[in-house]
Amino acid sequence: MGENLLILIAAALPLMGSPGPAVLSTAAVASAFGIRACLPWLAGIVLGTATVLGIVASGVAGMVLAVPVLLPVVSVIAALWILWLAWKIATAPPLGRRGPDVRAPSFAGAYLLAIANPKAYAAIGAVYANVIVVAGDPFGDAVAKVATLSAVIVVVNSAWMLFGAAFARVLSSPRLGRAVNIVFALLLVASVVVALLL
């Protein structure tokens with residue numbers, strides 16, 4: 001079982017940690033608003049991605065994807081939300097020049113982004129379906145996968161938050177801070193375009 005868990009983790013890290021809407025948005029929010037303001041966002045992304053894991057593990061994702069009209073509707077809603085988020089990040093004032101009325105995106109927004117993120121379903125589905133951790137025990141296998149992948153979700157998204165926050169600390173210049181916010185926003189938009197084209 002231990003070797004199979006390592007295989008699961010080795011498969012999950014690059015798939016779940018590669019740039020996509022959830023991780024890029026977490027890095028962008030941390031860069032634009034700082035770690036403390038990003039914690040509710042991180043919690044929403046983690047819990048939303050864990051919800052996706054539950055949906056995949058329960059088989060509900062397969063049933064939803066069997067209804068052809070739902071996928072484009074969910075994809076458009078997710079794309080619009082991510083574009084709004086990208087605008088909010090791109091236009092956020094640098095950390096040192098922010099008034100009390102500027103707020104980071106919310107937990108609820110992060111949760112909605114995570115459950116509408118097509119990359120999450122694809123990455124989690126691929127890892128979940130292709131690695132058997134506990135042979136001959138479907139329930140034990142499911143529990144081991146959910147527990148392990150939940151830990152990967154926390155680690156991956158926390159690492160991206162710290163990566164984004166590192167930019168905020170290094171960049172004291174308002175001009176550079178604005179440039180980093182815009183770059184993160186553009187990467188977020190690019191991740192939506194790539195997800196919709198696949």
Side-chain angles (χ1 to χ4, degrees), residues 1-30 35 38-68 70-71 74-75 77-78 81-82 105-166 187-188 191-192 194-196 198:
M1 181 173 137
E3 183 179 324
N4 293 345
L5 278 176
L6 291 176
I7 292 169
L8 179 67
I9 292 167
L13 282 173
L15 281 173
M16 296 169 70
S18 63
V23 296
L24 283 175
S25 69
T26 302
V29 170
I35 287 180
C38 184
L39 290 176
W41 182 266
L42 175 66
I45 290 291
V46 166
L47 289 176
T49 308
T51 300
V52 170
L53 173 59
I55 291 169
V56 168
S58 68
V60 171
M63 291 186 298
V64 169
L65 293 175
V67 180
L70 288 180
L71 187 58
V74 170
S75 295
I77 291 169
W81 169 247
I82 293 168
S106 68
F107 168 90
Y111 185 83
L112 290 173
L113 172 89
I115 63 171
N117 178 5
K119 180 192 175 257
Y121 290 91
I124 291 171
V127 172
Y128 192 90
N130 291 320
V131 178
I132 296 174
V133 176
V134 183
D137 181 5
F139 181 74
D141 186 57
V143 169
K145 286 179 185 177
V146 167
T148 303
L149 293 176
S150 294
V152 170
I153 290 166
V154 171
V155 168
V156 161
N157 286 287
S158 297
W160 275 95
M161 179 186 69
L162 294 173
F163 173 75
L187 288 172
L188 194 53
S191 75
V192 171
V194 169
L196 290 176
L198 295 179

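Bear in mind that the values here come from a model prediction, so they are computed numbers and not experimental data.
- Between Cys38 and Val29, the shortest heavy-atom contact is SG-CG1, 3.9 Å.
- Between Tyr128 and Ala142, the closest heavy-atom pair is OH-CB, 3.3 Å.
- Not counting sequence neighbours, the partners of Val143 by the side-chain contact (heavy atoms from CB on, under 4.5 Å) test are Phe139.
- Here Ala12 pairs with Met16, Val127, Leu149, Val152 under the side-chain contact (heavy atoms from CB on, under 4.5 Å) rule; sequence neighbours left out.
- The two residues Val52 and Ala114 have their closest heavy-atom pair at CG2-O, 3.5 Å.
- Partners of Ile132 by side-chain contact (heavy atoms from CB on, under 4.5 Å), not counting sequence neighbours, listed by chain and number: Ala135, Asp141.
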**Asked** Between Ile35 and Leu162, is a side chain to side chain contact (heavy atoms under 4.5 Å, CB included) present by the stated rule, with each step listed?
**Response** CA-CA 7 Å; Ile35 287 180; Leu162 294 173; 3.7 Å; yes
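- Taking the six-membered ring for Trp and thresholds of 30 and 60 degrees, Phe163 and Trp160 have ring planes more than 60 degrees apart, a perpendicular arrangement.
- In this structure, Asn4 and Val134 have side chains that are not in contact, with every pair of non-hydrogen atoms separated by 4.5 Å or more.
- Contact check for Thr49 versus Ile124: side-chain heavy atoms found under the 4.5 Å cut-off.
- Applying the salt bridge (charged side-chain N to carboxylate O under 4.0 Å, His left out) definition to pairs two or more places apart or across chains, none involves residues 120-131.
- Considering all non-hydrogen atoms of both residues, Leu53 and Ser150 come closest at CD2-OG, 3.5 Å.
- The structure places CD1 of Ile115 at 7.0 Å from OG1 of Thr51, a figure rounded to the nearest 0.5 Å.
- Formation of a donor-acceptor pair under 3.5 Å by the Lys145 side chain with backbone atoms of Val131 is found in this model.
- Minimum heavy-atom separation, Tyr121 to Val56: CD2-CG2, 4.2 Å.
- Applying the side-chain contact (heavy atoms from CB on, under 4.5 Å) criterion to Ala126, with sequence neighbours excluded, gives Leu15, Asn130.
- Considering every non-hydrogen atom in both Ala57 and Val146, the closest pair reads CB-CG2, 4.0 Å.
- Take Ser25 and apply the side chain to side chain donor-acceptor pair (under 3.5 Å) test, not counting sequence neighbours, and it matches Trp41.
- A distance of 9.0 Å separates OG in Ser158 from CG in Leu39, rounded to the nearest 0.5 Å.
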